[in-house]
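Working notes, beginning with the structure itself.
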Protein chains: 2
Amino acid sequence: MPAKRPPVPLSRERIIEAALHIADSQGLRRLTMRRLGDALQVEAMAIYHHLPRGKEALMDALAEHVTAVRVEQAATWQETAKAWCRASREVLREHPGVLALALTKPPKGGTALAIGEQVEQLTDAGLPDAADAVRSLRAFVFGSVAVEVQQSGWADPEVDEWTRRDERADADFERGLEALLRGLQI
Amino acid sequence: MPAKRPPVPLSRERIIEAALHIADSQGLRRLTMRRLGDALQVEAMAIYHHLPRGKEALMDALAEHVTAVRVEQAATWQETAKAWCRASREVLREHPGVLALALTKPPKGGTALAIGEQVEQLTDAGLPDAADAVRSLRAFVFGSVAVEVQQSGWADPEVDEWTRRDERADADFERGLEALLRGLQI
DNA sequence: ACCTGAACACCGTTCAAGT
DNA sequence: ACCTGAACACCGTTCAAGT
């Protein structure tokens, strides 16, 4: 008789990880409490014990996971801002399935804290109007990633075209980022 | 006996209009084929006669409605670009309920045509790399509106703060737009 | 051609019950 | 404390039937 698998206890972390995997691989519309339960080898109802507000809480947690981005304070406010933008873009690109949530849910919890911290970091580094700057940085990252992911869902690209597309997206992003930072300096 | 209301025939247009109203006022998650049928005084199943692919087709149509934006060719490519950005922002702000779809669905149908037309307009007006420029403009508008709408769903603002918020959002948008156009010129 | 009614598979969530 | 099973109201979609 095969040994019974030791029952890894359910946890908020495992639930979110599994939910991200489903959303990214099959789409947000296929992320279902019952399917999520299956992936975790558990009845759907068990999830409510760890996320009391149910699916709404799950959606909030997924948005927060890709949106509560923090970076270390760097030598200049420009370096700190760049690090945040690159880190944010990376995690958003990694989880296209929850991009709609990330761009749309009002920031709260860890995301709101991260925004507050970022304003503080830029202020401490000598940037006036840091709150305005943070809004601009967030808008830039959100817009770039939205257009990039949208376009990756477009018609039949050839494989080498794909590669070029990625490279161009990176170059576009870096070019836009430099221009934005120059604009904020004034 | 009250006169029976003349049965206004169902149509794609009426369906989309009613769907936008539900999504904007109650949220996308409450937009349901059955609720949509109720709003149109019709059984939900009648909708399938006008949107054969059902809810998926409805979602596509809603995204297209706020995303297939076209403007007249203006005197300079800068003016044409500005007009498109302002028009796009306006229609996206008017329909926050479908913003997630607009930012996330790959462009097709009327949206893809509008993008093609815009590239042509800017090219004709003498802008090199018009396709890159159009991507940048779309990213700018999407990001700006996303951050703006996100923030409008935030904590308890006082009424006068609200007004200032709207004004500031307008000013931010115009300032960012000018900076972006200067950047594209080079 | 256009709409309805009944039916089916699936969904989110509750609640009492098990261990 | 943590999970299950049954139940309920609701959902998208089909299909045959009405007019």
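Just so you know, these numbers use all the heavy atoms, side chains as well, and skip hydrogens, waters and symmetry mates. In what follows, chains are A, B, ... by sequence order, proteins preceding strands, each numbered from 1. These figures come from a predicted structure and were not determined experimentally.
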Let me know the distance between [atom1] of [X] and [atom2] of [N], rounded to the nearest Å.
X: B:L58; N: D:dC11; atom1: CG; atom2: C1'; value: 14 Å
X: B:E56; N: D:dC11; atom1: CD; atom2: C1'; value: 15 Å
X: A:R53; N: C:dT14; atom1: CZ; atom2: C1'; value: 17 Å
X: A:L51; N: C:dT13; atom1: CG; atom2: P; value: 11 Å
X: A:L36; N: C:dC10; atom1: CG; atom2: C1'; value: 16 Å

Less than 4.0 angstrom from a charged side-chain N to a carboxylate O is my criterion; do [X] and [Y] meet it?
X: A:R165; Y: A:E148; answer: no
X: B:E178; Y: B:K82; answer: yes
X: A:D170; Y: A:R86; answer: no
X: B:R35; Y: B:D38; answer: no
X: A:R29; Y: B:E56; answer: yes

With a non-hydrogen cut-off below 4.0 angstrom, is B:R29 in contact with a base, only sugar-phosphate, or nothing? nothing

Sugar-phosphate only, base, or nothing, as touched by B:R30 at under 4.0 Å among non-hydrogen atoms: nothing

For [Y], is there any backbone N or O sitting under 3.5 Å from a side-chain donor or acceptor partner on [X]?
X: B:T80; Y: B:A74; value: yes
X: A:R135; Y: B:Q151; value: no
X: B:Q73; Y: B:Q121; value: yes

Indicate, with yes or no, if the rings of B:F140 and B:F173 have centres closer together than 6.0 Å. yes

Considering only nitrogen or oxygen atoms on both sides, find all protein atoms under 3.5 Å from nucleotides 3-7 of chain D and state each distance.
{"residue": "D:dC3", "atom": "OP2", "partner": "A:H50", "partner atom": "NE2", "Å": "2.8"}
{"residue": "D:dT4", "atom": "OP2", "partner": "A:E43", "partner atom": "N", "Å": "2.7"}

Could you provide the dot-bracket string of DNA chain D, using ( ) for intrastrand pairs, [ ] for crossing pairs and | for bases paired to another strand, with Watson-Crick or G-U pairs below 3.5 Å? ||.|||||...|||||.||

Taking only N/O atoms, report every protein-nucleotides 16-19 of chain D pair under 3.5 Å with atom names and distance.
none

Looking at side-chain heavy atoms only, is the closest gap between A:K105 and A:E64 below 4.5 Å? no

Approximate separation, where rounding is to 0.5 Å, of B:E17 CD and B:E13 CD: 9.5 Å

